[in-house]
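Just below is one structure, and these are the notes that go with it.
Throughout, a chain's letter reflects where its sequence line sits, starting with A, and its residues are numbered from 1. Note that the structure is predicted; figures quoted are calculated from it, not measured.
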2 protein chains.
Amino acid sequence: METWDAIRARRNVRQYTDEPIPDEALERILEAARISPSGGNQQRWDFVVVTDRQTLKELAKVWPQGGTHIASSAATVVLVLPVEEELRPRLIDNYDLGQATMNMMLAAADLGIGSGHSAATEQDLARKLLGLPQDRYVAYMIGFGYPADRPLKPLKKPNRRDFDDVIHRERW
Amino acid sequence: METWDAIRARRNVRQYTDEPIPDEALERILEAARISPSGGNQQRWDFVVVTDRQTLKELAKVWPQGGTHIASSAATVVLVLPVEEELRPRLIDNYDLGQATMNMMLAAADLGIGSGHSAATEQDLARKLLGLPQDRYVAYMIGFGYPADRPLKPLKKPNRRDFDDVIHRERW
């Protein structure tokens, strides 16, 4: 898919078909995460990819308020960060994960694969399920799968603030 | 450009030619920021696009340690956030800006336009230059321009941690 089409076709997908994601497609999504830029190229991240149905069902409980789509995803990528007390590296870590997230989501959209964000609040459960060391935690999770509703194609009217409201020319 | 090529071609570009970015290309980069996803679709961001050479030279001083490429960029997009005391929304704001950043960088790479990150430490200067209200600050800046070194094309060996080091299968 052309890049500009993929950027406009990406949308939150939280209902997935039963179709698994081919290995080659999943490798490409993970490679997109790996090659993302990060502050000082520090790559202070790890990615755990989960496809086991039972684990996915348990992972969905890591964000009880909004992670139900993780249970039915074909694959979920868990975004892991080091536990960090200082504010500035925490902010940059989150910024960098946002970059990796979008790189993965666009690599997926290019292949017709939908994606949906999840937060992570139940850290003890996450650590137990994934065997994470105590000095790591789950920052976000991204569910992937083929959309159950309709194929991805460029959105005509995304639900966003108006261009002239959000974009300022030369100064505020 | 195909999406997967754009993802692999994006790299930090900090040396730009004198060629201006056509209006249509700049609009597309900004539209990519506008349509990016954000937590709860809150879009707690604003984007100030600067092309005036004198302002760009001054903006470069907003990050004296590493923002020199802003001065010679054809255009710089300034990523603005609300001043926020609470940790959790700050983290999500940064994550969301990371997503918007990558959307812009890939929209640019698709058009052969390079991009380079800058932090922002001199907030008083930034507010004065851009006329920002006191309840906003500059979180990051992204410089854009045509690469002075070589055209963008998919990188064969990006300087990153090995795939098997950063990617974990099913569990840590």
Would the distance check show the side chain of B:Glu2 and the main-chain N or O of A:Thr3 forming a donor-acceptor pair, the cut-off being under 3.5 Å? no

Taking only heavy atoms into account, what residues of residues 53-75 of chain B are found under 4.5 Å from chain A? none

Largest heavy-atom contact set with chain A, pairs under 4.5 Å, which of B:Arg10, B:Met105, B:Gln43, B:Arg90: B:Gln43

Report yes or no: do B:Leu130 and B:Phe47 belong to one cluster of Ile/Leu/Val/Met/Phe/Trp/Tyr joined by side chain heavy-atom distances under 4.5 Å? no

Tell me, for A:Ser36 versus chain B, whether the close heavy atoms (under 4.5 Å) come from the side chain, the backbone, both or neither. backbone

Shortest non-hydrogen contact from A:Arg171 to B:Leu129? NH1-O, 3.4 Å

Residues at least two apart in sequence or cross-chain that pass side-chain contact (heavy atoms from CB on, under 4.5 Å) with A:Arg150, listed by chain then number, are A:Arg11

Please check if the number of heavy atoms outside A:Gln15 that lie under 6.0 Å from its CD is greater than 12. no

Could you state whether B:Leu81 and B:Val83 fall into the same hydrophobic cluster, counting links through intermediate Ile, Leu, Val, Met, Phe, Trp or Tyr residues with side-chain heavy atoms under 4.5 angstrom apart? yes

For B:Tyr95 and A:Gln99: C-alpha separation, side-chain torsions, deciding distance, then whether side chain to side chain contact (heavy atoms under 4.5 Å, CB included) applies. CA-CA 8 Å; B:Tyr95 179 76; A:Gln99 299 193 92; over 6 Å; no

Begin with the C-alpha distance, continue with both residues' side-chain angles, and end with the deciding distance and a verdict on side chain to side chain contact (heavy atoms under 4.5 Å, CB included) for B:Ile92 and A:Asn94. CA-CA 7 Å; B:Ile92 294 173; A:Asn94 274 263; over 6 Å; no

Assess whether a salt bridge exists between A:Asp46 and B:Arg161, defined as any Lys/Arg side-chain N lying under 4.0 Å from an Asp/Glu carboxylate O. yes

What are the residues of residues 131-149 of chain B, in order of number, with any heavy atom under 4.5 angstrom from a heavy atom of chain A? B:Gly131, B:Leu132, B:Pro133, B:Arg136, B:Tyr140, B:Ile142

Rounded to the nearest 0.5 angstrom, the CG-CG distance for A:Asn103 and B:Asn103 is 10.0 Å

Region of A:Ala119 that comes under 4.5 Å of a non-hydrogen atom in chain B: side chain

Most contacts with chain A, counted as non-hydrogen pairs under 4.5 angstrom, among B:Ala6, B:Ala32, B:Pro37, B:Ala100: B:Pro37

Taking side chain as everything from C-beta outward and backbone as N, CA, C, O, which of these in B:Arg28 sits under 4.5 Å from a heavy atom of chain A? Side chain, backbone, both or neither. both

Residues of residues 163-170 of chain B within contact distance of chain A, non-hydrogen under 4.5 Å: B:Phe163, B:Asp165, B:Val166, B:Ile167, B:His168, B:Arg169, B:Glu170

Could you tell me the separation between the CG atom of B:Asp162 and the CZ atom of A:Arg34, rounded to the nearest 0.5 Å? 7.0 Å

Could you walk me through whether B:Arg160 and A:Asn41 pass the side-chain hydrogen bond (donor to acceptor under 3.5 Å, both in side chains) check? CA-CA 8 Å; B:Arg160 296 290 186 276; A:Asn41 197 24; 3.2 Å; yes

Interchain contact, A:Arg88 with chain B, by part (heavy-atom threshold 4.5 Å): side chain

Leading residue by heavy atom contact count with chain A [cutoff under 4.5 Å; candidates B:Leu87, B:Asp93, B:Leu97, B:Leu30]: B:Leu30

Can B:Asp110 and A:Ile7 be said to form a side chain to side chain contact (heavy atoms under 4.5 Å, CB included), step by step? CA-CA 11 Å; B:Asp110 177 49; A:Ile7 288 172; over 6 Å; no

Joint cluster assignment, B:Trp45 & B:Val49, ILVMFWY side-chain distance < 4.5 Å: yes

Region of A:Asn159 that comes under 4.5 Å of a non-hydrogen atom in chain B: both

Check against side chain to side chain contact (heavy atoms under 4.5 Å, CB included), A:Val80 and B:Trp172: CA-CA 10 Å; A:Val80 176; B:Trp172 188 267; 3.9 Å; yes

Non-hydrogen atoms of chain A under 4.5 Å away: do they reach the side chain of B:Thr76, the backbone, both or neither? neither

same_hphob_cluster(B:Ile113, B:Val77) at 4.5 Å side-chain heavy-atom cutoff: yes

Kindly work out whether a path of hydrophobic side-chain contacts (I/L/V/M/F/W/Y, heavy atoms less than 4.5 Å apart) joins A:Val50 to A:Ile29. no

